[in-house]
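Remarks on the structure that follows.
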2 protein chains.
Amino acid sequence: MSLASDRTKPGAANKPTLYKRIRLDIETRILTGEWPPGHRIPFEHQLMARYRCSRMTVNKALSELAQADLIERRRRAGTFVRRPQHISAVLTIADIRAEITALGRSYSYQLIDCRRRTATSADRARLGVTTAGKVIAIACRHSGDGVPFAVEDRLIDLATVPDAATADFAREPPGSWLLHHVPWTEAEHTISAVVADDRLAKALDIAVGAPCLVIDRYTWRSARTVTAVRLHYPGETHRLVARFKGG
Amino acid sequence: MSLASDRTKPGAANKPTLYKRIRLDIETRILTGEWPPGHRIPFEHQLMARYRCSRMTVNKALSELAQADLIERRRRAGTFVRRPQHISAVLTIADIRAEITALGRSYSYQLIDCRRRTATSADRARLGVTTAGKVIAIACRHSGDGVPFAVEDRLIDLATVPDAATADFAREPPGSWLLHHVPWTEAEHTISAVVADDRLAKALDIAVGAPCLVIDRYTWRSARTVTAVRLHYPGETHRLVARFKGG
DNA sequence: CACGATTATATGTCTAGACATATAAGTCAA
DNA sequence: TTGACTTATATGTCTAGACATATAATCGTG
């Protein structure tokens, strides 16, 4: 409390700007529990008085907190601390090469299979398209220090990404190529677990029956499917880490 | 292009406000690829002219896009479209009861074991604390329509959450109790895969050797550990879905 | 040419107002 | 009591300015 305004002296070493200090003050009170969920935050005109600033400055602080879902603003009623609505986390699924090099290992990549074909009914179901256009089907493997890290099965819709026809996926992994050539607007990840069958066990160099983490990713570009990819990771060694998101 | 200003007629059916339209216009151009990564966005004064509005209005639109990491703003240089930095997704890990009822199943809950004890060295390692305070160790199971959905192993640090000592975890699941009683500031989720051993197979009513998805969640409240929980899901039926996050 | 000083400029923050709009709360009649 | 109407009020958006600040670009000098 009461670290209010010293900003009237403009020459001071005012590192953080005023609206950021207001935002941090409120955020701190919420996160420490001093202002619990449902609590009504002081009105804008009260904060104006407390911090001796204009309404726009207070409003900027509150707008950012609202955008971050920490507070909820209702006309005429006021501004309220939101209750922890759902536990969500930002799961960063990095480019696999980046993931491996971040672990300090040397990255290598093997193309197992790459073929261009007219979409089979299975392909169409996987990509969520109805017409039988051309697709590229790729199987490849990513390794760190020579140890298999993940195997990838990918389908690329050539109707959405015609340039992919000319890409050299023996040289560049398809995920990396797509990341640099195709902007995407939406993605969905599904995470599940399986046990390794013969083929998977051989590709990952693990025992048959060992657990594997599976990530299915579908990527769209404004309602058009770009690619569908399934990644298999050895489940006992690999971990997906998702951090943060207070609420 | 050129859907600029009709906002000068204030009585019109101007559903979206001007700054939101500016934001959407720019966002659209970025996501469609019309303005690729690295492209310099028109200066604020150019946008002012295009939309016939004041600089603050343009600035509000650009600030929000910058907050969402879609653009990068550099003094004197201008504003630029960010390149797709990393593939991230918001993984929503709902309260398990909510998750089950959302699937249209009836939720039930069984407390398997609940004991209060002085932290063992294993407990201390798991909670990341050095002193041997009191903890509560809980094992329980969540079911949907009577079918096991997940088993939970949890440790609560009573030094951080003294109130937990008086909670009735036979009646209310600990996750739900904590969600409603303890604000948290940080969490870390780790996802991996295992195969079911005897105990797990029995608890989840699946075969020994079947794949299971494991979620470890650690929750802190400003640098103090609140709880550590491990959830096991049957891996072939359960799916974690993470959506969105364009970039 | 290299390097330090100067200048121009785009963004960052802020003000003191204004009108718009949704809505909680109060008022009044059936 | 209930429903319809009115009013007060907090937020939502916007303006036309202002000064601050970081820095790209230019200029000048050794």
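Order of the sequence lines sets the chain letters (A, B, ...), proteins ahead of strands, with each chain counted from 1.
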[N] phosphate, OP1 or OP2, under 4.0 Å from [X] side-chain N/O:
| X | N | value |
| --- | --- | --- |
| K20(B) | dG12(D) | no |
| K60(A) | dG12(C) | no |
| R74(B) | dT11(C) | no |
| T57(B) | dT15(D) | yes |

Rounded to whole angstroms, how far apart are [atom1] on [X] and [atom2] on [N]?
| X | N | atom1 | atom2 | value |
| --- | --- | --- | --- | --- |
| R73(A) | dT21(C) | CZ | C1' | 14 Å |
| I71(A) | dA10(D) | CD1 | P | 16 Å |
| F80(A) | dA24(C) | CZ | C1' | 10 Å |
| E64(B) | dG12(C) | CD | P | 14 Å |
| E44(A) | dT21(C) | CD | P | 18 Å |
| L18(A) | dC19(D) | CG | P | 19 Å |
| M48(A) | dT11(D) | CE | P | 11 Å |
| R23(B) | dT13(D) | CZ | C1' | 13 Å |

Y19(A) side chain, from C-beta outward: closest of dT13(D), dT11(C), dC14(C) | dC14(C)
Classify the nucleic acid contact of S63(B) as base, sugar-phosphate or nothing, counting any heavy atom under 4.0 Å across all strands shown.
-> nothing
Write out all pairs satisfying salt bridge (charged side-chain N to carboxylate O under 4.0 Å, His left out) with one or both partners inside residues 158-167 of chain B, taking only residues at least two apart or from two chains.
->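 Non-adjacent pairs meeting salt bridge (charged side-chain N to carboxylate O under 4.0 Å, His left out): zero.
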Does R76(B) have any side chain to side chain contact (heavy atoms under 4.5 Å, CB included) partners at least two apart in sequence or in another chain, and if so, which?
-> none
With sequence neighbours left out, write down each residue that passes salt bridge (charged side-chain N to carboxylate O under 4.0 Å, His left out) with R126(B), or none if nothing qualifies.
->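 None.
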Can you tabulate the close N/O pairs, meaning under 3.5 Å, that link protein atoms to atoms of nucleotides 4-9 of chain C?
{"from": "dA8(C)", "atom 1": "N3", "to": "R76(B)", "atom 2": "NH1", "distance (Å)": "2.8"}

Return a table of donor-acceptor pairs under 3.5 angstrom between the side chains of residues 39-46 of chain A and protein atoms on other chains or two or more places apart.
{"from": "E44(A)", "atom 1": "OE1", "to": "R55(A)", "atom 2": "NE", "distance (Å)": "2.4"}
{"from": "E44(A)", "atom 1": "OE1", "to": "R55(A)", "atom 2": "NH2", "distance (Å)": "3.2"}
{"from": "E44(A)", "atom 1": "OE2", "to": "N59(A)", "atom 2": "ND2", "distance (Å)": "3.0"}
{"from": "E44(A)", "atom 1": "OE2", "to": "R73(A)", "atom 2": "NH1", "distance (Å)": "3.1"}
{"from": "E44(A)", "atom 1": "OE2", "to": "R73(A)", "atom 2": "NH2", "distance (Å)": "2.7"}
{"from": "Q46(A)", "atom 1": "OE1", "to": "F43(A)", "atom 2": "N", "distance (Å)": "2.8"}

Between H142(B) and Y109(B), does the ring centroid distance fall short of 6.0 Å?
->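 When the ring centroids of H142(B) and Y109(B) are compared, they turn out to be within the sub-6.0 Å range.
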Can you see whether [X] engages [Y] through a side-chain donor-acceptor pair at a distance of less than 3.5 angstrom?
| X | Y | value |
| --- | --- | --- |
| T227(A) | R154(A) | yes |
| D157(A) | T225(A) | no |
| Y107(A) | D145(A) | no |

Scan nucleotides 16-18 of chain D against the protein and return all N/O pairs shorter than 3.5 Å with their distances rounded to 0.1 Å.
{"from": "dA18(D)", "atom 1": "N6", "to": "R55(B)", "atom 2": "NH1", "distance (Å)": "3.4"}

Does a salt bridge link R29(A) with E27(A), judged by any charged N lying under 4.0 Å from a carboxylate O?
->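 No salt bridge links R29(A) with E27(A).
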